[in-house]
Amino acid sequence: MNVLNNASLSFPGKKNSGDSVVNGVDLSVNFAGIKAPNPFWLASAPPTDKAYNVVRAYEAGWGGVVWKTLGEEPAAVNVSSRYSAHYGKNREVIGFNNIELITDRSLEINLQEITQVKKDWPDRALIVSIMVPCNEEAWAYILPLVEATGADGIELNLGCPHGMPERGMGAAVGQNPDLIEKVTYWCKKHYSKPVIVKLTPNITDIRVGAQAALRGGADAVSLINTINSITSIDLDAMVAKPTVGHQSTHGGYCGSAVKPIAMNMVAEIARDPATPTLPISGIGGISSWRDAAEFIALGSGSVQVCTAAMLNGFRIVEEMKDGLSRWMADKGYDSIEAFSRKAIPHTTDWKHLDINFKTIAQIDQDLCIECGRCYIACEDTSHQSIAKLTEQDGARRYEVIEDECVGCNLCQITCPVENCITMVPQETGQPFLAWDNDPRNPFQVAS
């Protein structure tokens, strides 16, 4: 077997961009006992499949990586092609789909490379993703081998939605709370370092999986894994993409399109009374410093990136670190912990929202370009609360009919000019009233 030439990976005394202080702000994290110079980690995926990629990522300044999922021998066999995309009008990639499996490189080669990379880059987080059959013997065999590499922790891949569930692994485990708890328990029994459980979003209630992981002794969870998807159909060949010969299958969906789903699931775990302090590594559509800040505000202690790196290269982390540190400095946050979970107290169930709160739209006539999109959207599909007026010179003018506006935000969303339409809170003179205490609620809670 052709093994790794360790000398090719060694960088003694090499200068790198692993400093934790950026623009005077400390970006370092201690996630479930795993230290890293910044919260930006590469997720377990093709970008972390081998030492060559990981070293390039560290050189670019990433705070950590989750090595692409290791499995039993013989190694997995992948198909061609493997990726497809959901595009916007200008061919920007909104969503990304893959049918790739876990590593197709030998366990021996992977373990040797992990050992050398961790030796050469001790200040960076290196977590190893693992997926083996759902029996204790399989986990008891591989875990000591991984621990011997010196890696900082493991991530249990319990979410892969294609290829592996058919073999009783991946999402087949992540969709079963009893198996999540059992596998986590085995890992804690046979491995002494932090255990992160990666959860599948292809489940009714993400909190169930997180609770099961915690019962099994998990040190943290990461989410979301990819979502079952078919991105497009070739209407000539009548086959989905990516196409393998004359066939296709559902794959794992990721990229910016999944960000809202991922953030909701992160928030659900962070505000669940059963898991209020469980560390969370946020994953799903993170491509900018703002995305990262939003995940952290909802409970993430670190963030993992995949699709954005695949589309733009590893150097995007420079903008992420610069942007996040500048924003933190502006807001007076001196650490990641200072604003982690800060949005959770303001995140609640619908029934606890203030029924008496009112906001209405306001159009800035100086910014309005008279396109009429707000009027069309409101007139055709909402509350007919925007009037279309014609000036003496023939120019169009759009005004909000305040008595009819319900504050739905549709006009603001459809407006192509930023800040042209704003939502203005109104003084109603009415006290806070939640739906669960509203007399109009037939199931109201008795006071």
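All values below come from the heavy atoms of this structure, side chains included, with hydrogens, waters and symmetry mates left out.
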Measure up the W327 and Y333 rings against each other and bin them: parallel (under 30°), tilted (30 to 60°), perpendicular (over 60°).
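Answer is tilted, since the angle falls between 30° and 60°.
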Parallel, tilted or perpendicular: which describes the rings of W62 and F314, with under 30° parallel and over 60° perpendicular?
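Perpendicular: the ring planes of W62 and F314 meet at over 60°.
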Indicate whether the side chain of [X] and that of [Y] have a donor and an acceptor atom separated by less than 3.5 Å.
X: R105; Y: N110; result: yes
X: T115; Y: T149; result: no
X: D322; Y: W289; result: no
X: Q116; Y: Q112; result: no
X: E136; Y: H190; result: yes
X: Q211; Y: D272; result: yes

With a sphere of 6.0 Å drawn around [atom1] of [X], does it hold more than 12 non-hydrogen atoms of other residues, nucleotides or ligands?
X: K193; atom1: NZ; answer: yes
X: Y141; atom1: OH; answer: no
X: Q247; atom1: CD; answer: no
X: H346; atom1: NE2; answer: no

Given the rule in the salt bridge (Lys or Arg N to Asp or Glu O under 4.0 Å) test, do E318 and K321 qualify, once you have shown the distances and angles that lead to the verdict?
CA-CA 5 Å; E318 296 176 0; K321 292 193 298 182; over 6 Å; no
Is there side-chain contact between [X] and [Y], with heavy atoms separated by less than 4.5 Å?
X: L199; Y: I224; value: no
X: L27; Y: P39; value: yes
X: I127; Y: E155; value: yes
X: C254; Y: C306; value: no
X: W435; Y: L353; value: no
X: Q175; Y: N202; value: yes

Given 3.5 Å as the limit, does a donor-acceptor pair link the side chain of [X] with the main chain of [Y], or not?
X: R373; Y: P416; result: no
X: R82; Y: V79; result: yes
X: N157; Y: I130; result: no
X: Q362; Y: I421; result: no
X: D19; Y: V21; result: no
X: Q304; Y: I283; result: no
X: T275; Y: L278; result: no
X: D152; Y: L126; result: yes
X: S256; Y: I94; result: yes
X: N176; Y: L179; result: yes

Got a salt bridge between D349 and R271, using NZ or NE/NH1/NH2 to carboxylate O under 4.0 Å?
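The answer is yes: the pair qualifies as a salt bridge.
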Would you call D123 and K35 a salt bridge, using N to O less than 4.0 angstrom?
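Salt bridge flag = no for K35 with D123.
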Centroid separation F31 to W41 less than 6.0 Å
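Ring centres of W41 and F31 closer than 6.0 Å.
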Step by step, work out the salt bridge (Lys or Arg N to Asp or Glu O under 4.0 Å) result for K241 and D234.
CA-CA 7 Å; K241 297 179 181 180; D234 181 333; 5.3 Å; no
If the test is side-chain hydrogen bond (donor to acceptor under 3.5 Å, both in side chains), which one of S84, S232, S248 qualifies with N97?
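The residue from S84, S232, S248 that satisfies side-chain hydrogen bond (donor to acceptor under 3.5 Å, both in side chains) with N97 turns out to be S84.
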Dump the intermediate steps for side chain to side chain donor-acceptor pair (under 3.5 Å) on E100 and Y83, then the final yes or no.
CA-CA 8 Å; E100 187 164 305; Y83 306 144; 3.0 Å; yes
Let me know which of T226, T231, T307 forms a side-chain contact (heavy atoms from CB on, under 4.5 Å) with Y253.
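Among T226, T231, T307, the one that satisfies the side-chain contact (heavy atoms from CB on, under 4.5 Å) with Y253 is T231.
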Applying side-chain contact (heavy atoms from CB on, under 4.5 Å) between I142 and each of L111, L107, V128, report the one that passes.
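Checked L111, L107, V128 against I142; only one passes side-chain contact (heavy atoms from CB on, under 4.5 Å): L107.
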